[in-house]
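This one's a predicted model, so the numbers in the text were calculated from it and none came from an experiment.
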Amino acid sequence: VLVGLLEVLALLEQTTPILQRHLGVQGLMLYVGLRLPFLLSNTLPFAVLIGALVMLTQMTLASETAILRAAGLSTLGFYLRLAPITLVLGFMGVMIDDQIAPRSELALAIWWNRTDPNPENGHAFWFRDTSRIVHVGYAADGGARLGEVDIYTRDMEGRLTGTLHAAQASHTPAGGWILHDVSGLSVHNLVAQAQPTQASVPWAMNLPPAEIIRLAADRPPISTRLMIERLLGHVPSNDTPAYLKAGLLERLMRPISLLVLLLIAMPVLYIPPRTGSRSWLPVWCLGSGLLFIVTQGLFRAMGNAGLLPPLMAVLPGLIIFTLGALSALLRNETL
């Protein structure tokens, strides 16, 4: 249901551009299909929270939990029996984040770029390639053609040693890149010297066009392998090390975060029989779960900006809300 609502909202925004590009109903369906894994990943925490609240509330109001308690099942027993399926959902979310969503979002970005009638109006982007910093004005033809390319080379100490400007760059069928209409400067001992203009120059970069489109996108989902390669400097990157480290930790902690959401939903087992559906416990649990999701997002944003170490950007929210949920459960047990 949550994914369906988000798909409708996304279509309301993208239907006009899709139809303006004459992609028709097929284009609408392709957009919905390629966007689905990303939306599934984003809505999984909300779905686990709401699903647990609805199930446990209905069981409590129907006196099913009272029957199970009379048979000797404790609150811990409830949690331990629900934890395996929650972990399965968590690992499924990790799989979607790591393998499915990056591929579908990349395919969507390539399709959107290929069908753009005015790619020169696209946004510029930067990325690092070993000792070089590259600025690209726009990407076209699914990343096979680049416009307004500037390359800044540096020495081992980070000092500028030269610049290259190319009006365009194209990817050849042989797998290499060619810079066109190239001009440049060389810098030595703080003295800049102009280089002669050349019609075309080979560009020693091994990135395929698809990875160019990934770099052009605004923080797209990427696989764990690519995160590690970017951290080690093996492939060009436009992400900070803090963002990549926080992303790795958050992905590893995804199953744990779903277990915390399940724990936050557990107090609805203590809805008083006479209160019934008038109880505010489900509302408080829902608010606490949403607050946990928002808090994790705030900590992650500070980690992305380098204001917090990666561990501090992921673990504090898990610890604080786990202790808070345990306190609420223990309080209800002693009442």
Side-chain angles (χ1 to χ4, degrees), residues 1-7 32-60 62 64-65 67-69 71-105 221-228 246-269 282 285-286 288-297 299-300 311 313-315 317-326 328-329:
V1 172
L2 292 173
V3 170
L5 290 174
L6 292 178
E7 287 279 23
V32 169
L34 292 177
R35 197 66 176 165
L36 182 61
F38 180 74
L39 297 180
L40 276 172
S41 173
N42 285 347
T43 57
L44 186 59
F46 298 97
V48 169
L49 174 64
I50 295 173
L53 283 173
V54 170
M55 182 192 71
L56 295 176
T57 301
Q58 292 297 323
M59 289 180 66
T60 303
E64 294 175 353
T65 57
I67 296 171
L68 292 172
R69 285 184 181 279
L73 186 63
S74 64
T75 303
L76 178 61
F78 272 105
Y79 185 78
L80 292 178
R81 282 162 175 77
L82 293 174
I85 186 61
T86 306
L87 286 175
V88 169
L89 290 173
F91 287 118
M92 184 184 72
V94 171
M95 183 61 65
I96 293 175
D97 282 343
D98 190 62
Q99 297 297 323
I100 302 175
R103 288 181 169 88
S104 66
E105 286 295 298
I222 58 177
S223 66
T224 301
R225 179 187 61 81
L226 186 55
M227 284 185 183
I228 295 174
L248 279 172
L249 283 174
E250 184 186 40
R251 185 164 295 172
L252 292 174
M253 292 296 175
R254 169 61 72 91
I256 306 300
S257 66
L258 295 188
L259 288 177
V260 175
L261 285 170
L262 175 63
L263 190 64
I264 291 172
M266 294 299 292
V268 297
L269 294 173
C285 291
L286 177 62
S288 300
L290 295 178
L291 181 61
F292 167 70
I293 295 171
V294 171
T295 302
Q296 286 292 88
F299 276 117
R300 172 68 193 278
L311 280 174
V314 177
L315 294 182
L318 296 173
I319 297 172
I320 292 169
F321 281 85
T322 297
L323 295 177
L326 288 175
L329 290 172

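Looking at every heavy atom in both residues, Ile96 comes nearest to Pro37 through CG2-O, 3.5 Å. Among all heavy-atom pairs drawn from Leu44 and Gly93, the shortest one is CD2-CA, 3.6 Å. When every heavy atom of Ala246 is checked against every heavy atom of Arg300, the shortest pair comes out as CB-NE, 3.7 Å. Considering every non-hydrogen atom in both Ala328 and Pro267, the closest pair reads CB-CG, 4.4 Å. Closest heavy-atom contact between Val32 and Glu7: O-OE2, 2.9 Å.
Leu76 contributes atom CG, which lies 10.0 Å from atom CG of Leu329 (distance to the nearest 0.5 angstrom). Within the model, atoms CG of Leu323 and CG of Leu318 stand 11.0 Å from one another, a figure rounded to the nearest 0.5 Å. Here the straight-line distance linking atom CD1 of Ile256 with atom CE of Met253 works out to 6.5 Å at 0.5 Å rounding. Put simply, CG on Asp98 and CZ on Arg251 are 5.0 Å apart, with the number rounded to the nearest 0.5 Å. With rounding to the nearest 0.5 Å, the separation of CG in Leu263 from SG in Cys285 is 10.0 Å. Separating the CD1 atom in Ile320 from the OG1 atom in Thr295 is a distance of 8.0 Å, to the nearest 0.5 Å.
Annotation: side-chain contact (heavy atoms from CB on, under 4.5 Å) contacts of Thr57 (sequence neighbours excluded): Leu61, Val268, Ile271, Pro282. Residues meeting the salt bridge (Lys or Arg N to Asp or Glu O under 4.0 Å) test with Arg103, sequence neighbours left out: none. Checked against side-chain contact (heavy atoms from CB on, under 4.5 Å), Leu290 has the following partners two or more places apart in sequence or in another chain: Phe46, Leu49, Leu286.
Residue pairs meeting the salt bridge (charged side-chain N to carboxylate O under 4.0 Å, His left out) criterion with at least one member in residues 36-58, sequence neighbours excluded, do not occur. Residue pairs satisfying the side-chain hydrogen bond (donor to acceptor under 3.5 Å, both in side chains) criterion with at least one member in residues 33-56, sequence neighbours excluded, are listed as follows: Arg35-Glu105, Ser41-Asp97.
Considering only heavy atoms from C-beta on, Ser257 comes within 4.5 Å of Phe292 through its side chain. Put simply, the side chain of Leu56 does not reach to within 4.5 Å of the side chain of Thr65, judged on heavy atoms. Contact of the Thr322 side chain with the Leu326 side chain is registered, since non-hydrogen atoms from C-beta on lie closer than 4.5 Å.
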Notebook entry, point to check: For Leu261 and Leu258, what are the C-alpha separation, side-chain angles and deciding distance, and is it a side-chain contact (heavy atoms from CB on, under 4.5 Å)?
Noted result: CA-CA 5 Å; Leu261 285 170; Leu258 295 188; 4.1 Å; yes
Next item on the list: Before giving the answer on side-chain contact (heavy atoms from CB on, under 4.5 Å), spell out for Ile293 and Gln296 the whole-Å C-alpha distance, their side-chain angles and the decisive distance to 0.1 Å.
Entry: CA-CA 5 Å; Ile293 295 171; Gln296 286 292 88; 5.9 Å; no
Margin query: Could you walk me through whether Val94 and Thr224 satisfy the side-chain contact (heavy atoms from CB on, under 4.5 Å) test, starting with their C-alpha distance in whole Å, then the side-chain angles of each, then the deciding distance to 0.1 Å, before giving a yes or no?
Written below: CA-CA 10 Å; Val94 171; Thr224 301; over 6 Å; no
Hey, can you pull the donor-acceptor pairs under 3.5 Å for the side chains in residues 78-87, sequence neighbours left out?
{"unit_1": "Tyr79", "atom_1": "OH", "unit_2": "Leu259", "atom_2": "O", "d": "3.0"}
{"unit_1": "Arg81", "atom_1": "NH1", "unit_2": "Gly77", "atom_2": "O", "d": "3.3"}
{"unit_1": "Thr86", "atom_1": "OG1", "unit_2": "Leu82", "atom_2": "O", "d": "2.8"}

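Taking a 6.0 Å sphere around CE of Met95, one finds it holds 12 or fewer heavy atoms contributed by other residues, nucleotides or ligands.
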